[in-house]
Participant: 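Here's a structure for you.
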Amino acid sequence: MQPWPGTEEEALAVQDSLRSRVVHSAGPEAPTTVAGLDVAYAEGDDRLAAAVVVLRVADLTVVDTAVVRGRPAFPYVPGLFAFREVPALLEALGRLTVPPEVLICDGHGLAHPRRFGLAAHLGVLTDLPAFGVGKTRLVGHWDPVGEQRGARSPLVDAGETVGAVLRTQAGVKPVFVSVGHRIGLDRACALTLALAPRFRLPETTRAADRACRDLLR
DNA sequence: GCGACAG
DNA sequence: ATCTTGTCGC
């Protein structure tokens, strides 16, 4: 990942080029391990910490953790967010001992202006099944989501379904699930629910968030 | 011209 | 992302 875009124009070109490599498929039937990825930023300076935490799906226990320090590789620009965190996340992924079967990212996959958000980007670069679970929307519209856990509504942008707005807990704001690479929306939603038995966000995201926050201090 | 805009 | 007070609930 040496040739990194230095301008928005270059970043857009990279997205256009990599987008064609996205693979649409159902994905692993019953993955044994899944990884949560997240990045935390320091307050004063521009340091960041990127974490990847591998969980065993069966009991949601942590089986591996990798955290690295770094700097943002690109300014924050909605739609080009991946260029900011991908280098640090790839470095952390490379330090894992237990290989994850699915990557779960903090952000979106196809629910992106050009259908190539962070989850799709990481999925293509690693060629691992990957999807995103975002806390807020980037693109798309949806009808009201049922109140009970598991209820979902299609996230639609420009006439196409780009994800799902999924209620992981009754009485809690839903999350935005979107496919990235080599996995289908139904399986991504099912996995998200299985990983969020008690809180709004999946345990993968919570564990990764904790891990990078700890390193920052 | 005025909003919207992952983290 | 991070800042930021109180508040409700277990």
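Because only heavy atoms are used, hydrogens play no part in the values below, and waters and symmetry mates are left out as well, while side chains stay in.
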Participant: OP1 or OP2 of B:dC5 less than 4.0 angstrom from a side-chain nitrogen or oxygen of A:T136, does that happen here?
Facilitator: no
Participant: To the nearest angstrom, how far is A:R137 atom CZ from B:dG7 atom P?
Facilitator: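 Distance, rounded to whole Å: 12 Å.
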Participant: Quickly work out the A:K173 NZ to B:dA6 P distance and round it to whole Å.
Facilitator: 12 Å
Participant: Within the 4.0 Å heavy-atom criterion, would you say A:L216 contacts the bases, only the backbone, or no part of the nucleic acid?
Facilitator: nothing
Participant: Between P on C:dA1 and NZ on A:K135, what's the gap in Å once rounded to a whole number?
Facilitator: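 Value for this atom pair: 4 Å.
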Participant: Checking all strands, does A:G132 fall into the base, sugar-phosphate, or nothing category for heavy-atom contacts under 4.0 angstrom?
Facilitator: nothing
Participant: What integer distance in Å separates A:F74:CZ from C:dA1:P?
Facilitator: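 Taking atom P of C:dA1 as the reference, CZ of A:F74 is at 20 Å.
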Participant: Between the side chains of A:Q15 and A:R114, does any donor sit under 3.5 Å from an acceptor?
Facilitator: yes
Participant: Rounded to whole Å, how long is the line connecting atom CG of A:D106 with atom P of C:dT2?
Facilitator: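 The answer, rounded to whole Å, is 10 Å.
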Participant: In terms of side-chain geometry, is the basic nitrogen of A:D157 or A:R115 positioned less than 4.0 Å from the acidic oxygen of its partner?
Facilitator: yes
Participant: Just compare C:dT2, B:dC5, B:dA6 and give me whichever is closest to any side-chain atom of A:E43.
Facilitator: C:dT2
Participant: Are A:H121 and A:F83 close enough that their ring centers fall under 6.0 Å?
Facilitator: yes
Participant: Looking only at side-chain atoms of A:R84, point me to the closest of B:dC5, B:dG7, C:dT2.
Facilitator: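 Given the options B:dC5, B:dG7, C:dT2, the side chain of A:R84 is closest to B:dG7.
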Participant: Would you please determine if the base of B:dG7 is stacked by A:Y76, with stacking meaning a centroid separation under 5.5 angstrom and planes under 30 degrees?
Facilitator: yes
Participant: Can you check the A:R217 CZ to C:dA1 P distance for me, whole Å?
Facilitator: 14 Å
Participant: Between B:dG7 atom P and A:R213 atom CZ, what is the distance in whole Å?
Facilitator: 13 Å
Participant: Should A:D106 and A:R206 count as an ion pair when the cut-off is N to O under 4.0 Å?
Facilitator: no
Participant: When rounded to the nearest 0.5 angstrom, what is the spacing between CG in A:L118 and NE2 in A:H112?
Facilitator: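 Here the rounded value is 9.5 Å.
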Participant: Judged by modelled atom types alone, do A:R84 and A:Y41 share a side-chain donor-acceptor pair under 3.5 Å?
Facilitator: yes
Participant: Using a strict 4.0 Å threshold on nitrogen-to-oxygen distance, state whether A:D127 and A:R182 make a salt bridge.
Facilitator: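 A salt bridge is present here (some side-chain N lies under 4.0 Å from a carboxylate O).
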Participant: Which sits closer to the 5' end of DNA chain C, A:R198 or A:V39, going by the nucleotide each is nearest to?
Facilitator: A:V39
Participant: Take N1-N3 plus N6-O4 or O6-N4 for Watson-Crick, N1-O2 plus O6-N3 for G-U, both under 3.5 Å. Which runs of 3 or more such pairs involve DNA chain C?
Facilitator: none
Participant: In whole angstrom, give the distance that lies between atom CD of A:E85 and atom C1' of B:dG7.
Facilitator: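 Going from A:E85 (CD) to B:dG7 (C1'), I get 6 Å.
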